[in-house]
Amino acid sequence: MDIILLGPPGAGKGTQAQRLVATRGMIQLSTGDMLREAVAKGTPTGLKAKAVMEAGELVSDAIVSALIGERLDSCVGHGAIFDGFPRTKHQAEALEILLGERDRTLDHVIELVVDEEALVVRITGRFTCANCGASYHDKFHLPKVEGTCDVCGHHEFKRRPDDNEQTVRTRMAEYRAKTAPILPYYEEKGLVRRVDGMGSVEEVAAAIDAILDG
Ligand code: AP5
């Protein structure tokens with residue numbers, strides 16, 4: 001089963017994708033993670049993407065579509081979760097071609113419906129384990145033992161450079177202007193399922209499970 005998780009910054013796409021990886025053996029294809037990896041390694045793609053990401057704007061369609069194409073080949077025999085891709089009509093069309101070339105089809109586009117103001121709080125409080133990437137939050141999900149990752153026991157944590165309020169608001173504006181308009185494209189195909197993204201992580205997870213098992 002191949003699905004898209006769609007929603008503005010902080011809607012919980014990454015959180016829910018990680019859970020589906022753990023519970024269903026699906027593979028998470030996050031263009032944000034791929035780009036951050038490229039930036040950290042200083043690859044040509046990373047060098048092009050760094051300033052764009054820090055400004056909260058969208059990286060070029062050609063770059064992200066190429067990244068997805070490369071990673072899709074490692075998904076044979078597994079369902080793919082597209083997290084943060086597609087983000088424009090052009091990317092949606094590119095995805096259809098990439099899937100078709102591999103005899104895959106999209107099963108669901110799950111839109112996480114959220115309140116943007118609450119998302120600013122979610123995003124600006126977010127931090128992750130510097131070692132294993134486990135996700136935490138200053139208000140909603142602190143490590144059980146202060147300063148120690150629940151998953152791997154590591155003691156260092158990091159925050160994303162684009163998780164400040166000003167950049168978050170630009171990212172949201174980009175979502176409204178360029179990504180939300182792809183919903184009608186998928187609605188026409190009868191693929192859109194809506195989930196209330198303002199519930200707890202467990203409630204959102206249960207709603208997504210009901211769609212995947214339905
Ligand atoms: P990307 O990494 O995709 O960021 P994003 O879409 O802005 O989404 P986030 O990762 O911020 O949020 P999320 O929805 O995954 O939420 P999360 O689960 O972490 O993209 C970053 C940048 O890369 C873009 O700005 C762009 O420059 C570039 N880029 C990436 N893809 C691109 C593309 N396709 N085209 C062009 N450019 C691209 O949750 C957020 C927080 O809330 C966490 O702390 C979490 O613990 C908490 N939380 C989650 N769910 C809940 C809940 N139900 N209740 C309470 N707290 C919750």
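Atoms within a ligand are numbered from 1 in the order they appear, just like the ligands themselves. Just so it is clear, the model here is predicted, and its values are computed rather than measured. Computed over heavy atoms, backbone and side chain alike; hydrogens, waters and symmetry mates excluded.
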*Which of the listed options, L35, T31, V204, holds the heavy atom that is closest to atom 29 (N) of ligand 1?*
L35
*Who's closest to atom 34 (N) of ligand 1 heavy-atom-wise, of Q91, K50, K13, E57?*
Q91
Could you identify the single nearest non-hydrogen protein atom to [atom] and state the distance to 0.1 Å?
| atom | answer |
| --- | --- |
| atom 4 (O) of ligand 1 | R160 NH2, 3.3 Å |
| atom 7 (O) of ligand 1 | R171 NH2, 2.7 Å |
| atom 18 (O) of ligand 1 | T15 OG1, 2.5 Å |
| atom 12 (O) of ligand 1 | G10 N, 2.8 Å |
| atom 3 (O) of ligand 1 | R87 NH1, 3.1 Å |
| atom 19 (O) of ligand 1 | R126 NH1, 2.6 Å |
| atom 47 (C) of ligand 1 | R122 CD, 4.1 Å |
| atom 15 (O) of ligand 1 | G14 N, 2.8 Å |

For ligand 1, indicate whether the residue [X] contacts it via side chain, backbone, both or neither (heavy-atom separation under 4.0 Å).
| X | result |
| --- | --- |
| M198 | neither |
| V64 | side chain |
| P9 | both |

*Could K189 and Y185 be counted as a cation-pi pair, given that NZ or CZ must be under 6.0 Å from the ring centre and within 45° of the axis?*
yes
Strictly below 4.0 Å, N to O, side chains only: are [X] and [Y] in salt-bridge contact?
| X | Y | value |
| --- | --- | --- |
| R171 | E57 | no |
| E117 | R169 | yes |
| D138 | R126 | no |

*asked:* Under 4.0 Å, counting heavy atoms only: does E174 come that close to any atom of ligand 1?
replied: no
*Would you say Y175 contacts ligand 1, with heavy atoms under 4.0 Å as the rule?*
no
*Please identify which atoms of ligand 1 are closer than 4.0 Å to at least one heavy atom of S200.*
53 (N)
*Is the shortest N/O to N/O distance between S30 and ligand 1 below 3.5 Å?*
no
*D162 versus T167, side-chain donor and acceptor atoms under 3.5 Å*: no
